[in-house]
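For reference, the structure discussed in these notes is given below.
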Amino acid sequence: MERTTSGTHKVAVFCSGLSRGSNLCAIYKYFADNKLPIEIALVIFTCKDAPAIQLAEERNLNYQIIQARDMQSFEKRAMELCRQHSIELIALSGFLKQLSPNFIESMQIPILNIHPALLPKYGGKGMYGMAVHNSVFAAGEKESGVTIHLVNSQYDNGKIVAQEKVDISACKSPEEIAQKVLDIEHKLYARTIKEYLLNH
Ligand code: GAR
């Protein structure tokens, strides 16, 4: 992808109120530590009480709060902001709303999402946070993992662009699985965004 005139690739991250901001921070750190020509130029939160807002403030990130109760107005404002900031890629992180086909098509940029399990099996509505790890644990799976996919008009669906497995056979609780998976999320999301921007 072409860089903007400022010389950096610009990324937006969308987070809902439940987001811990851990992926946002991991992505920010990866770009900074590796001195990559990529910046998080915009963070959109759907709720003013999102715990991750403080993390964004500490990192001096440009953030906006747009309520997502009415998705049409959310998308209209999000689209305006993304265009204003010349955003080239949107990364969803703990963003629990479904984006409309119109938004996905009109943006004409990749929209990535991260999921804390191996899709397509452990995904879909209601599969968020510990619910995912509880299901994987209850099924007695030997492996879980992380999936990064392009967003389409279905929940936790769309072309898979990166997936990494982890051995969970020694995990004695869903919480242990969650920790193993989260460690992978933090590395895989930033790397995948970088590869997507620099190689497409
Ligand atoms: C991540 O664990 C991600 O896999 C999950 O939300 C969390 C967001 O990270 N996404 C989904 O479950 C999507 N179905 P964060 O809390 O660090 O922002």
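The figures here come from the full heavy-atom set of this structure, side chains too, leaving out hydrogens, waters and symmetry mates. Note that ligands are numbered from 1 as they come in the structure, with each ligand's atoms numbered from 1 the same way.
Between F95 and F74, the ring centre distance stays below 6.0 Å.
By the 4.0 Å heavy-atom criterion, G21 is counted among the residues contacting ligand 1. Under a 4.0 angstrom heavy-atom cut-off, I114 registers as being in contact with ligand 1.
Side-chain contact of S169 with D167: a donor-acceptor pair under 3.5 Å is present, judged by distance alone.
Side chains of F31 and E39 form no contact here, defined as non-hydrogen atoms less than 4.5 Å apart. E141 places a side-chain heavy atom less than 4.5 Å from the side chain of K121. You'll find the side chain of K194 reaches within 4.5 Å of the side chain of Y30, heavy atoms only.
Residues passing the salt bridge (charged side-chain N to carboxylate O under 4.0 Å, His left out) test with D70, sequence neighbours excluded: none.
Residue-ligand proximity, G94 to ligand 1, at heavy-atom distances under 4.0 Å covers atoms 6 (O), 8 (C). Interface atoms of ligand 1 facing S19, defined by a heavy-atom separation under 4.0 Å, are 15 (P), 16 (O), 18 (O). Per-residue contacts place D156 under 4.0 angstrom from the following atoms of ligand 1 (heavy atoms of the residue considered): 13 (C), 14 (N). Close contacts between ligand 1 and S22 involve ligand atoms 15 (P), 17 (O) [criterion: under 4.0 Å to a heavy atom]. Within the listing of ligand 1, atoms 12 (O), 14 (N) sit less than 4.0 angstrom from a heavy atom of M127.
For a threshold of 3.5 Å applied to N or O pairs, the pair formed by L24 and ligand 1 contains no separation below that value. Ligand 1 has an N or O atom lying under 3.5 Å from an N or O atom of S93, backbone or side chain.
In this structure, the side chain of Q163 engages the main chain of L119 through a donor-acceptor pair within 3.5 Å.
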